[in-house]
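Everything numeric here is computed off the predicted structure, so don't read it as measured data.
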Amino acid sequence: MNCCDPGFNATGLGQDLPGFGLLQRVLNTLKVGDPRQGAGIMVRLATDPAFAHTSGGYFSVRAAKPLHCPEPGRGERVQRELWAETVALLAGLGAP
């Protein structure tokens, strides 16, 4: 299992906040925040045969460049706790 930094994505979340329209126009003008780019790295990590035998990696949205996981995510205890919490949350949604 791998994870990624999808970068900044302008998905429309927070559109009811003051200044959202201005921020969205600025991001569109700068061509920053395209959600397709953020989704692209996720799809690539899940489907590209180059990552078929890679697990535990942390990758950048830019060309799937390997990144060094920042603290506190490198600690095994934190990783186990995050995994357990994720399993519990998914179980609460009816997932297997």
Side-chain angles (χ1 to χ4, degrees):
M1 187 171 300
N2 295 302
C3 65
C4 65
D5 175 355
F8 184 80
N9 291 280
T11 61
L13 288 173
Q15 61 187 339
D16 55 336
L17 297 174
F20 175 82
L22 174 62
L23 177 61
Q24 187 170 34
R25 287 192 297 279
V26 168
L27 293 174
N28 288 342
T29 300
L30 296 173
K31 298 183 181 352
V32 173
D34 184 348
R36 291 172 294 194
Q37 185 177 11
I41 182 60
M42 293 176 213
V43 170
R44 183 170 175 201
L45 289 172
T47 62
D48 189 331
F51 296 100
H53 301 289
T54 302
S55 185
Y58 180 49
F59 298 91
S60 167
V61 68
R62 292 188 183 94
K65 175 185 156 197
L67 297 172
H68 188 69
C69 182
E71 282 294 342
R74 288 193 299 263
E76 286 186 38
R77 181 186 58 77
V78 170
Q79 292 172 2
R80 281 192 304 273
E81 289 174 4
L82 176 59
W83 184 260
E85 186 64 26
T86 301
V87 169
L89 288 169
L90 291 174
L93 296 174

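- Here the straight-line distance linking atom OH of Tyr58 with atom NZ of Lys65 works out to 11.5 Å at 0.5 Å rounding.
- One hydrophobic cluster, built from ILVMFWY side chains closer than 4.5 Å, holds both Leu30 and Leu22.
- The nearest pair of heavy atoms linking Phe59 to Leu67 is C-CD1, 3.8 Å.
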Kindly determine whether Glu85 and Glu81 satisfy side chain to side chain contact (heavy atoms under 4.5 Å, CB included), including the steps that lead there.
-> CA-CA 6 Å; Glu85 186 64 26; Glu81 289 174 4; over 6 Å; no

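- Taking each heavy atom of Cys4 and Met42 in turn, the nearest pair found is SG-CG, 3.7 Å.
- When the side chains of ILVMFWY residues are joined at heavy-atom separations under 4.5 Å, either directly or via intervening members, Phe51 and Val43 end up in two distinct hydrophobic clusters.
- The two residues Ile41 and Ser60 have their closest heavy-atom pair at CD1-O, 3.5 Å.
- In this structure, Leu89 is not a member of the same hydrophobic cluster as Leu82, with clusters built from ILVMFWY side-chain heavy atoms closer than 4.5 Å.
- Residue Glu71 qualifies as enclosed at atom CD: its count of foreign heavy atoms under 6.0 Å is above 12.
- Remark: Asp5 engages no residue in a salt bridge (Lys or Arg N to Asp or Glu O under 4.0 Å) (not counting sequence neighbours).
- Residue Arg44 comes nearest to Ala64 through the heavy atom pair NH1-CB, 3.6 Å, listed as atom of the first residue, atom of the second, then distance.
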